[in-house]
Amino acid sequence: MEWLLLFLSRFLEVFGRGLDSELMKNIVLVFPTSIYLLHRISAVQRDNFEKFVVCSKCTKLYHLDECLERKHGTILPKQCSNILFPLGKAKLCGTKLVNKVILKNGITRFYPLKVYCWKSIIDQLESILERKGIPELCEEWRTRLVDEDILADVYDGEVWKNSKWTDESSFFNSERRYGLMLNVDWFQPFKRRSDYSVGVIYFVIMNLPRSERFKFENVLLGGIIPSLDAEPKFHTFLDPCVNELNGLWKGIHLKTSLSTVPLTVVAALLCVAADIPATRKVCGFVEHSASRACSKCFKFFQGGFREKKDFSGFSDRLSWPERNGLTHKRNCEKLLTAKSQADYTRLSRMYGVHLCALTKLEYFDCVRFHIIDPMHNLFLGTAKYVFKLWTENVLSKEQLKEIGRKIEELNTAASIGRIPKKIASNHGNFTAEEWKNWTLTFSMYSIYGILPDRHLRVWERFVIACKILCQPVLSKQEILQGDALLVNFCMAMEQLYGEKFLTCNMHLHCHLRKVLMDYGPVFGFWLFSFERYNGHLGSTYTNNHSVEIKFMRDFLKERFLLPSSRNLPSPQQDTFLPIFHRGKDKVSRTENMLHSYYKLSQMESFSGVEWYDNRNIQAPTCYESELLKPEYIGGLFQAYRTMYPDHTNICLDDIQLTVKKFGSLLLGAERFGSKTECRNLRTARILASWHAADGSVSSTSPLPPGIVDYYISHKLHVNGMQREHYFAFVRWFKKHTQKQCLGTFNTLPVYHASKFEQFGSSCFLPVHRIHSLFTGATLSIDSVNLLAVCAIPRHANISRAN
């Protein structure tokens with residue numbers, strides 16, 4: 001097969017150079033044989049994954065040859081030989097494993113009833129490390145400079161810092177030591193079928209920078225779990241994974257781009273990131289409706305069979321008994337002594353555990369090494385639930401229509417988009433991203449004046465907590481502040497709605513603080529990226545047969561054809577790749593955090609700051625050269641004096657009179673617009689701590705809103721060299737003398753809609769200082785047009801992946 005690849009590659013390089021790209025596409029489309037050959041080429045490495053036969057009852061895994069036996073010269077199928085509860089009344093499973101099919105030519109074939117596809121994570125890790133530059137990227141985190149009190153990524157969390165090697169030294173003391181994150185999720189690949197659910201096991205390399213960590217080419221697809229009629233016993237599907245992880249913990253020789261000879265690579269599973277049901281299955285905890293429903297503490301939740309559990313008692317959370325990883329492992333092992341299903345159920349309820357394959361990893365702590373996913377916990381969980389409470393108990397249909405109308409008033413930035421219209425009827429289908437946008441941006445303005453104040457006050461605490469905890473960079477103090485607000489919200493919900501309206505998600509809010517301390521900001525581990533890959537797999541074309549195999553084949557085929565794999569001649573990649581990906585959008589989004597910029601947007605002391613560090617600033621190639629207006633020279637000089645408090649030798653004569661003028665700037669991968677470019681006007685509205693009431697610069701001011709007229713680059717001699725600085729020329733909205741915010745809610749500040757503060761040095765805003773965008777709506781109060789400001793939380797910037 002490989003000679004075919006080499007032949008076609010050479011043929012295209014020699015004869016395809018002079019062909020028009022469109023003509024080459026037409027040639028391929030006209031001749032079906034060409035498509036056949038291309039797909040044959042892509043299949044060179046297509047099926048190098050294991051296919052396990054799965055018992056549909058006990059989920060024991062078999063190789064196909066283990067399911068067949070020869071008797072008297074005839075091949076016959078075998079039944080599942082797994083012995084259930086061997087310490088009690090041993091019972092043979094005896095479930096059918098394969099189907100016997102006689103083909104038209106008379107040949108007999110045996111096909112598994114259920115197939116589990118597993119792709120070696122060691123092989124995938126090796127293929128990633130063989131790519132040029134990847135091993136170096138995995139070591140970049142060692143050169144980061146982050147304050148002790150700041151958490152900017154997983155490397156700043158307690159788990160990464162305190163992970164120990166077998167000799168009790170720090171696990172990451174040496175190079176080529178990798179931390180892995182595991183995600184497991186189930187999704188329904190067919191739109192019109194709710195009875196077919198496929199499970200997927202993903203891995204990512206935590207050492208990679210966040211801008212690379214969740215890209216398609218860097219994600220490891222471990223296994224695809226078939227749809228089963230009953231709730232699967234999940235631990236058996238992790239057995240192949242655990243075997244490989246134990247090998248990686250001891251060290252394995254792998255090929256890398258660093259050397260021509262294999263090098264020793266060590267890896268450890270340090271994080272399980274999944275939604276609540278999947279986390280319970282992976283880490284061996286009982287379901288969230290049980291009496292020991294929490295996976296972080298051993299609190300007992302009152303409530304009988306078919307009775308809603310009581311999740312109250314937030315005020316005494318310090319008395320909740322914590323779960324312990326070692327005790328959890330021992331309790332899981334006790335389940336192996338069960339003599340019957342009834343005995344297993346009794347022990348499971350007593351200890352709040354299920355069998356867990358990850359307990360076979362000597363270093364893995366099931367309690368500490370799993371996260372509470374903020375995407376599900378905060379947005380798909382509590383935000384969705386509270387809005388449903390309002391629709392059923394608080395708000396009328398007319399009020400819901402009014403909320404929808406107010407949402408339409410908000411002129412949102414293109415980066416977040418709008419939530420669907422008719423929120424009353426469509427909220428049940430909101431995605432996690434839409435619930436996040438609703439909570440952080442739309443909700444406070446749209447429900448103000450409609451939702452009763454006592455309900456609004458409770459919701460405000462939740463919104464503020466989410467805005468704090470969903471920042472791309474967090475301080476430990478902010479984590480404590482967000483945690484206190486969440487606990488206060490939960491207590492207020494208990495008082496306002498009663499115990500029966502509390503949920504397990506609200507209890508888990510109280511444990512989110514520890515997760516953030518262990519793993520850093522939510523952008524490093526929440527599940528938005530994994531959810532996109534579920535949709536990516538679900539878009540695979542199938543004929544409803546062997547779905548799991550087709551998913552795995554499609555994923556590996558695309559991985560084989562990636563430009564980074566260099567398996568197709570590079571001049572023809574743009575031509576032929578769309579043929580394989582026809583009808584599918586292969587653009588994924590990953591999070592890229594600019595820690596230094598975010599830090600600069602909040603710091604109060606500018607001593608030692610290098611405002612000319614423009615490595616992540618990209619200006620358009622088109623610009624206008626202009627002379628500074630005379631009245632602007634003094635303002636720019638004062639801005640420089642504030643930016644460089646240690647450089648007392650900066651004088652007015654040092655200010656160059658010419659500047660380059662731009663309509664927009666790219667900070668990282670996030671575009672900020674201005675009034676000079678109409679298409680970017682919605683991204684011209686910013687919040688920044690820079691403007692004082694008299695027009696001067698203040699590094700301790702709140703976050704007043706402003707609109708960017710344009711951007712400039714200006715050069716100044718700093719440290720003996722001419723340095724380039726980027727500024728936004730901002731007009732700051734004028735404060736209202738009497739009304740500072742709507743009602744008593746600080747989350748809804750208001751300013752004059754068409755009046756601006758006087759010109760001053762604060763009009764020259766260093767782009768590093770931009771905190772975030774905002775959206776707003778104009779409303780009339782006492783015959784005055786006011787602008788209600790709704791902050792858009794700063795994203796860890798979005799970049800595109802192959």
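Here the structure is a predicted model, which means the values were calculated and not measured.
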Intermediate values then yes/no, salt bridge (Lys or Arg N to Asp or Glu O under 4.0 Å), Glu408 and Arg405:
CA-CA 5 Å; Glu408 290 300 308; Arg405 186 190 63 77; over 6 Å; no

Output, in order, the C-alpha distance, side-chain angles, deciding distance and verdict of side-chain contact (heavy atoms from CB on, under 4.5 Å) for Phe727 and Cys763.
CA-CA 9 Å; Phe727 293 89; Cys763 290; over 6 Å; no

Is there a side-chain contact (heavy atoms from CB on, under 4.5 Å) between Leu512 and Leu469? Walk through the geometry before answering.
CA-CA 9 Å; Leu512 197 54; Leu469 298 180; 4.2 Å; yes

Check the pair Glu724, Ser713 against side-chain hydrogen bond (donor to acceptor under 3.5 Å, both in side chains), reporting the backbone distance first and the verdict last.
CA-CA 6 Å; Glu724 188 169 29; Ser713 72; 3.2 Å; yes

Please lay out, stage by stage, how Arg723 and His717 fare under the test side-chain contact (heavy atoms from CB on, under 4.5 Å).
CA-CA 6 Å; Arg723 310 284 192 174; His717 273 84; over 6 Å; no

Verify side-chain hydrogen bond (donor to acceptor under 3.5 Å, both in side chains) between Asn218 and Arg131, making sure each step is shown before the conclusion.
CA-CA 10 Å; Asn218 298 328; Arg131 301 207 319 259; 2.6 Å; yes

Apply the test ring-ring contact (aromatic ring centres under 6.0 Å, His included) to residues Phe214 and Phe528: give CA-CA distance (whole Å), side-chain angles for both, the deciding distance (0.1 Å), then the verdict.
CA-CA 10 Å; Phe214 299 104; Phe528 281 103; over 10 Å; no

Tell me, with the steps shown, if Phe733 and Phe756 meet ring-ring contact (aromatic ring centres under 6.0 Å, His included).
CA-CA 4 Å; Phe733 288 95; Phe756 299 92; 5.0 Å; yes

When you look at Arg213 and Asp153, which way does the side-chain contact (heavy atoms from CB on, under 4.5 Å) test go after all the steps?
CA-CA 12 Å; Arg213 189 178 305 156; Asp153 206 346; 2.9 Å; yes

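The two residues Gly634 and Leu652 have their closest heavy-atom pair at CA-CD1, 4.3 Å. Across all non-hydrogen atoms, the minimal contact from Pro704 to Trp732 is O-CZ3, 3.4 Å. Nearest approach of Ala791 to Thr441, heavy atoms of both residues: O-OG1, 3.8 Å. Of all non-hydrogen atoms in Ile150 and Asp156, the two that sit nearest each other are O-CB, 3.9 Å. In terms of heavy-atom proximity, Pro374 sits nearest to Phe525 at CD-CE1, 3.6 Å. When all heavy atoms of Ser689 and Arg769 are compared, the pair lying nearest together is O-NE, 2.8 Å.
For Ser443 (side chain) and Trp438 (main-chain N/O), a donor-acceptor pair under 3.5 Å exists by modelled atom type. Side chain of Asn183 to main chain of Ala273: a donor-acceptor pair is present (N/O by atom type, distance under 3.5 Å, no hydrogens or angles). Distance alone, capped at 3.5 Å, places no donor-acceptor pair between the Ser696 side chain and the Ala692 backbone. When atom types are taken as modelled, the side chain of Glu139 and the backbone of Glu136 share no donor-acceptor pair closer than 3.5 angstrom. A donor-acceptor pair under 3.5 Å is formed between the side chain of His768 and the backbone N or O of Asp613.
Geometrically, Lys661 does not engage Tyr623 in a cation-pi contact, judged by NZ or CZ lying under 6.0 Å from the ring centre and within 45° of the ring axis. Both the sub-6.0 Å distance and the 45° axial angle are not jointly satisfied by Arg177 relative to the ring of Phe172. Taking the centre and axis of the six-membered ring of Tyr445, the NZ or CZ atom of Lys406 falls inside the cone set by 45° and 6.0 Å.
To the nearest 0.5 angstrom, Glu757 atom CD is 9.0 Å from Tyr751 atom OH. Rounding to the nearest 0.5 Å places CD of Gln758 at 7.0 Å from CG of Asp694. Rounding to the nearest 0.5 Å gives a distance of 16.0 Å between CG of Leu129 and NZ of Lys132. Here the straight-line distance linking atom CE of Met643 with atom CZ of Phe764 works out to 11.5 Å at 0.5 Å rounding. Taking OH of Tyr711 as the start and OG of Ser674 as the end, the distance is 6.0 Å to the nearest 0.5 Å. Atom CD of Gln471 and atom CG of Leu516 lie 11.0 Å apart (nearest 0.5 Å).
Using modelled atom types and a 3.5 Å distance limit, the side chains of Asn785 and Thr778 yield no donor-acceptor pair. Side chain to side chain, Ser605 and Ser607 fail the donor-acceptor criterion of an N or O pair below 3.5 Å.
In this structure, the side chains of Leu220 and Val204 stay at 4.5 Å or more apart for every pair of heavy atoms. For the pair Val697/Ser761, a side-chain contact is recorded, criterion being any heavy-atom separation below 4.5 Å from C-beta on. Here the side chains of Phe672 and Val708 are not in contact, with every heavy-atom distance at 4.5 Å or above. In this structure the side chain of Phe442 never reaches within 4.5 angstrom of the side chain of Ile447, judged on heavy atoms. Under the 4.5 Å side-chain criterion, counting only non-hydrogen atoms from C-beta, Arg685 is not in contact with Leu773. Counting heavy atoms from C-beta on, the side chains of Leu765 and Ile686 come closer than 4.5 Å. Here the side chains of Tyr726 and Trp611 are not in contact, with every heavy-atom distance at 4.5 Å or above. With contacts defined as side-chain heavy-atom distances shorter than 4.5 Å, the pair Met444/Glu460 qualifies.
Looking at residues two or more places apart in sequence or on another chain, you find a ring-ring contact (aromatic ring centres under 6.0 Å, His included) between His714 and Tyr640.
Lys467 NZ: more than 12 foreign heavy atoms inside a 6.0 Å radius. Shown here is Gln618, whose CD atom has no more than 12 heavy atoms of other residues, nucleotides or ligands within 6.0 Å. In the displayed structure, Glu631 atom CD is contacted under 6.0 Å by more than 12 heavy atoms of other residues, nucleotides or ligands. Within 6.0 Å of atom NZ in Lys161, more than 12 heavy atoms from other residues, nucleotides or ligands are found, so the atom counts as buried in its surroundings.
Taking the centre of each ring, Phe729 and Tyr632 come in below the 6.0 Å mark. Taking the six-membered ring for Trp and the full ring otherwise, the centers of Phe379 and Phe430 sit at least 6.0 Å from each other. Checked against the 6.0 Å centroid criterion, the rings of Tyr644 and His725 qualify as a close aromatic pair.
One finds a salt bridge joining Glu212 and Lys215 here, because a Lys/Arg side-chain nitrogen approaches an Asp/Glu carboxylate oxygen to under 4.0 Å.
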